[in-house]
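Reading through the structure tokens given below for one structure.
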Amino acid sequence: MSDDDFDLILEREFDAPRAAVYRAFLDPDQLAAWFGPETVHVPLESVDIEASVGGHQRFDMVLNDDPRRRFATDAVFTELVENEVIASEETFDMGDGPVAMRARIEFRDAGPGRTRLTIRQGPHGGMLSGARAGWGSSFTKLDALLAGRDA
Amino acid sequence: MTEDTLTRTFRALADPTRRGILSRLRAGDATVGELVSAFDLSQPAISKHLKVLEAAHLIRRTRHAQWRSSAIDPEPLRDAWAWLTPYRALWDARLGRLDAHLADAQKDEPCPTTTST
């Protein structure tokens, strides 16, 4: 997979120092506290993080409305630079077969005690049925294209 | 829209040259000749890419006098964007929670280097 896989790019600033934001991704207690979006939660006992290159980050997302539905996420860290970069290759299963994606999270200073976070993730297009296996390495940087930057 | 159409859109966008052509067409319509010189590719190569983009309805090709020019068609791009929207929204919600979590953590832990174990 290559950088062309990243079809989703988000940036956001946090009123917290880089070390605090970085730790929120790698500390199981903290991850369980915030990672689930509104409709799902992450049970603390499902979180298993070995914060080293080649180590893993595993956790389940459980639907609030139907706790029998659990979605397992299993990521392997491909790059870890303390307070700077977390990159991983993850596999998860939303119910119709495993999907592979990459993610790269970058932490930068954004003024005193503030952090700018950039998240790149993809390819989400791999989740389109029938396309899962064969899309190869190149994929659209749709965000960049639509934002008018060089794709 | 059918999933097949969406799949075709993403496949067409999977090639960096075709994304480059679309970016160029955002600035205005272009003839094959203009694209050939802009991308330093052979005319057959550009024509092949244009055919893929046209089949995915990402561009429309029109003939003005003897010149055939290509124009971007935003509709499938909008659909592809819309398809990604829930994933963006998921991260937006998630990062909103991270924001709140970090604000709480700062309040509870005046010294951010200490962790409770």
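Here is the naming used below: chain letters follow the sequence lines, and residue numbers restart at 1 for every chain. Keep in mind that this is a model prediction, so the values were computed, not measured.
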Do any side-chain atoms of residues 39-54 of chain B form donor-acceptor pairs under 3.5 angstrom with protein atoms, and if so which ones, sequence neighbours left out?
{"residue": "B:Ser42", "atom": "OG", "partner": "B:Ala45", "partner atom": "N", "Å": "3.2"}
{"residue": "B:Ser47", "atom": "OG", "partner": "B:Gln43", "partner atom": "O", "Å": "3.1"}
{"residue": "B:His49", "atom": "ND1", "partner": "B:Arg18", "partner atom": "NH1", "Å": "3.2"}

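Placement of A:Val85 and A:Leu10 in two distinct hydrophobic clusters is found when ILVMFWY residues are connected by side-chain heavy-atom separations under 4.5 Å, directly or transitively. Placement of A:Val76 and A:Phe59 in two distinct hydrophobic clusters is found when ILVMFWY residues are connected by side-chain heavy-atom separations under 4.5 Å, directly or transitively. Both A:Leu26 and A:Trp34 are members of a single hydrophobic cluster when ILVMFWY side chains are connected at heavy-atom separations under 4.5 Å. The hydrophobic clustering, which links ILVMFWY residues whose side-chain heavy atoms are closer than 4.5 Å, places A:Ile119 and A:Val81 apart.
Heavy atoms closer than 4.5 Å to chain A are found in the side chain of B:Leu102, but not in its backbone. With a threshold of 4.5 angstrom between heavy atoms, A:Ala19 does not approach chain B through any atom at all.
A cation-pi arrangement is present between B:Arg94 and A:Phe35, with the terminal nitrogen or guanidinium carbon under 6.0 Å from the aromatic centre and inside a 45° cone about the axis.
Here A:Gln30 contributes atom CD and B:Asp104 contributes atom CG; the two are 11.0 Å apart, rounded to the nearest 0.5 Å. The CH2 atom of B:Trp91 sits 8.0 Å away from the CG atom of A:Leu117 when rounded to the nearest 0.5 Å.
Between A:Ala24 and B:His101, the shortest heavy-atom distance links the atoms CB-CD2, 4.4 Å. Heavy-atom minimum distance, B:Leu95 versus A:Phe14: O-CE2, 3.5 Å.
Residues B:Leu98 and A:Phe25 form a side-chain contact, since some pair of their non-hydrogen atoms from C-beta on lies under 4.5 Å apart.
For residues 12-21 of chain A, the pairs satisfying side chain to side chain donor-acceptor pair (under 3.5 Å) are A:Glu13-A:Arg114, A:Glu13-A:Arg116, A:Arg18-A:Asp109, with sequence neighbours left out.
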